[in-house]
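Comments concern the structure below.
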Amino acid sequence: MAKNITYLLGAGASANCLPVINELPTRLKLFRDNLVIRVQEESNIQLISPSKFSKITTNSIGRLIIPEIDWLLEEMENHNTVDTLAKKFYLIRNEHQNLERLKKILVTYFLYEQSFRHGDIREGIKKELPDKRYDSLIATIISKKIDIADLPSNFKIVTWNYDIQFELAYKNYLPKFGLEQIQEKLQSIPTEKYLQGQSIDLARFSIVKLNGMAQSIKANLYVGKILGDGAEWDEKFTSFLENICSFYNSLNHETLKLFTYSWEDPTEYIDTLINKGEMINIAKSIFKETEILVIIGYSFPLFNRSIDKELFLDCPKLRSIYIQDFNADNIKSLMQSSFPVFNRKMEFVNDDLEYTEGMQIKTAIITDVSQFFIPPEADI
C-alpha cells in the first residue's frame, strides 16, 4: 500500500522564482524602480499624445503605489523580516490599517514577480517562472494517463508560502484550465470557494497554505491578462505594469482576507479568515496520517513555532523525515531543541529519530537543492 507522503515547504522551496526573506527588500525596490521609470516615461509621452492613454495607467496608479513601497521599505529597515513587521502591526490595534497597507503591497508585488518572466534584465536577475523544481516534482508523480493530470492521493503539501508556484507549474499540464479550476482540482486552500463552505477530501491530493494565499479570484482577472503571452522587456512591459497597477487599485478588505497570517485571530481581527482554525485542523489531520515527511526550504522561524508544535504533536504514523536545505544540519538541530513532544517520545540517535519504546524514525539530510527530493519509499 502506498505510503502517505507530506511535503512541508518554506520560502526556499520557491527561491528560483521568488526572493527569500533577506532578498525581499532588494527585489521590492527593483519593482518600485520599474514603476518609477514607466511613470516618468508615460508622463513625458502623455504631454505629446494624451489620447493614447486609458483612464487607468501606470502613470496614475503608479504614483499611488510608489510612496507606499517607499513606506514599506523604510519600515522593514527596523525589523528582521517583513513578517515580523506584519506581526507588530497586527498586535497594535491602531496599526491595523498599516497591516492592510503592507498586505496590499505584498499581494501586488507577488503577482508582479510571478508574472514577469525574465526578472529585471538590467540588474542581471534571472529567474524561473514558475520555479522549475515544481514542474520536475509534478512530472514525476503525475498520472501516466494522457490528459488526466491527476496527482497521487497519498501526496499532500503543507506550506508556509503564500505564493502560487505549484499552481502555475501544474497549469502547464492543463493549459485550458483557469487558475480557479486549477486550485479546485488541486484542493489548494484557502480559496474563495473554501471560504464559502467547499469541503476538502483528504483522500485526494491537497495543498494547505498556513499563511493564506497572495491571490484571489479578483487577481485571476489580471493574471489572465498578465500571464497570457509572457511579458518581455519591451513595449509589452508598459501594458504589463498597467495591469499590475489596476490590480492594486482593486484591492480591498474582502479581497485581502485570503492572505492571512497563521497567527491572526478572527475573534480579534475581523480582516482575516473566519475558518482559519478549521484550515489548521486540516493540516493537523494530514500530519496525523503522514508516514514520510519531506521538509524543503523551511527553517522553523520562531513566529511559526506554535503552529509547528501543533502539527508535530500528533503524528503517530511518521517513519521517515527528509530535510532538504543548504543548512539541513542546522534545521535538524533546531527540530531537536524546539519540539518538546519529540524529546518526550523519541531522541535523535546519529541520523535516526528513535522512539523510547523502540520504534525508529529514519532521518536524512539532503543538501542538493537542484530538484525537490522524492523519497525512495514513494510508490511512483
Side-chain angles (χ1 to χ4, degrees), residues 1-10 13 137 141 151-160 186-189 199-211 262-263 275-302 304-325 328-366 372-380:
M1 185 175 178
K3 295 184 181 298
N4 291 325
I5 299 171
T6 298
Y7 281 75
L8 178 62
L9 305 182
L137 174 64
I141 68 175
L151 294 173
S153 59
N154 62 310
F155 277 73
K156 304 287 189 295
I157 293 176
V158 176
T159 177
W160 285 100
L186 291 174
Q187 293 198 113
S188 178
I189 60 172
S199 61
I200 299 300
D201 180 5
L202 289 180
R204 292 171 45 210
F205 180 90
S206 56
I207 305 175
V208 179
K209 302 191 178 189
L210 297 169
N211 274 333
S262 65
W263 30 259
N275 52 352
K276 176 195 299 291
E278 178 187 332
M279 192 170 70
I280 292 173
N281 285 336
I282 291 172
K284 289 163 65 176
S285 296
I286 290 172
F287 265 66
K288 188 171 184 177
E289 297 300 318
T290 296
E291 296 169 90
I292 301 168
L293 179 66
V294 183
I295 303 169
I296 301 179
Y298 183 57
S299 58
F300 296 92
L302 280 170
N304 293 345
R305 201 66 54 81
S306 61
I307 302 297
D308 287 330
K309 285 181 179 179
E310 287 188 51
L311 297 179
F312 283 107
L313 185 63
D314 186 15
C315 40
K317 299 182 180 181
L318 189 60
R319 298 294 179 267
S320 301
I321 299 176
Y322 296 93
I323 305 171
Q324 185 176 28
D325 196 278
D329 280 311
N330 292 339
I331 294 171
K332 177 179 173 179
S333 298
L334 188 61
M335 289 178 67
Q336 285 180 281
S337 60
S338 300
F339 302 111
V341 64
F342 275 17
N343 294 331
R344 193 165 59 242
K345 289 186 178 180
M346 60 192 81
E347 59 182 358
F348 276 94
V349 181
N350 297 324
D351 285 336
D352 289 336
L353 273 174
E354 188 177 84
Y355 280 106
T356 53
E357 56 265 41
M359 183 183 298
Q360 290 188 338
I361 295 182
K362 295 185 239 180
T363 63
I365 287 171
I366 301 97
F372 290 157
F373 179 77
I374 298 177
E377 303 96 324
D379 183 16
I380 52 176

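Quantities reported herein were computed from a predicted structural model and do not represent experimental measurements. All residue numbers refer to positions in the sequence shown, counting from 1.
- Of the possible donor and acceptor atoms, one in the side chain of Ser338 sits under 3.5 Å from a partner among the backbone N and O of Leu334.
- To the nearest 0.5 Å, atoms CE (Met279) and CG (Asn281) are separated by 10.5 Å.
- Listed for the Asn154 side chain is no donor-acceptor partner under 3.5 Å among the backbone atoms of Ile5.
- Residues Phe373 and Ile323 are not in side-chain contact: their nearest non-hydrogen atoms beyond the backbone lie 4.5 Å or more apart.
- When all heavy atoms of Ala203 and Ser153 are compared, the closest pair comes out as O-CB, 2.9 Å.
- Rounding to the nearest 0.5 Å gives a distance of 6.5 Å between CZ of Phe372 and CG of Leu9.
- Residues Trp160 and Ser262 meet the side-chain proximity criterion, which asks for heavy atoms closer than 4.5 Å.
- Summarising the geometry, atom CG belonging to Asn211 is positioned 6.0 Å from atom CG belonging to Asn304; distances are rounded to the nearest 0.5 Å.
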**Working for side-chain contact (heavy atoms from CB on, under 4.5 Å), residues Leu210 and Val208** = CA-CA 6 Å; Leu210 297 169; Val208 179; 4.2 Å; yes
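- Using a 30° and 60° split on the angle between ring planes, Phe287 and Phe312 fall in the perpendicular class, above 60°.
- Side-chain N or O atoms of Lys284 include none that pairs as donor or acceptor with a backbone N or O of Asp314 at under 3.5 Å.
- Put simply, CZ on Phe155 and CG on Asp379 are 9.0 Å apart, with the number rounded to the nearest 0.5 Å.
- Scored by the side-chain hydrogen bond (donor to acceptor under 3.5 Å, both in side chains) test, Glu377 finds Ser320, Tyr322 as partners (sequence neighbours excluded).
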Sequence neighbours left out, cut at 3.5 Å: what donor-acceptor pairs do the side chains of residues 288-295 make with other protein atoms?
residue	atom	partner	partner atom	Å
Glu289	OE1	Lys317	NZ	2.6
Thr290	OG1	Thr6	OG1	2.6
Thr290	OG1	Ile286	O	2.7
Glu291	OE2	Asn4	N	2.8

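- Annotation for Lys3: atom NZ does not count as buried by contact number, only 12 or fewer foreign heavy atoms lying within 6.0 Å.
- Contact check for Val158 versus Tyr298: no side-chain heavy atoms found under the 4.5 Å cut-off.
- The shortest side-chain heavy-atom distance between Phe205 and Gln187 does not fall under the 4.5 Å cut-off.
- Looking only at side-chain heavy atoms (C-beta outward), Met335 and Ile321 come within less than 4.5 Å of each other.
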**Asked** Is there a side-chain contact (heavy atoms from CB on, under 4.5 Å) between Tyr7 and Ile374 once you walk through the steps?
**Response** CA-CA 10 Å; Tyr7 281 75; Ile374 298 177; 3.8 Å; yes
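- Summarising the geometry, atom CD belonging to Gln324 is positioned 12.5 Å from atom CG belonging to Leu8; distances are rounded to the nearest 0.5 Å.
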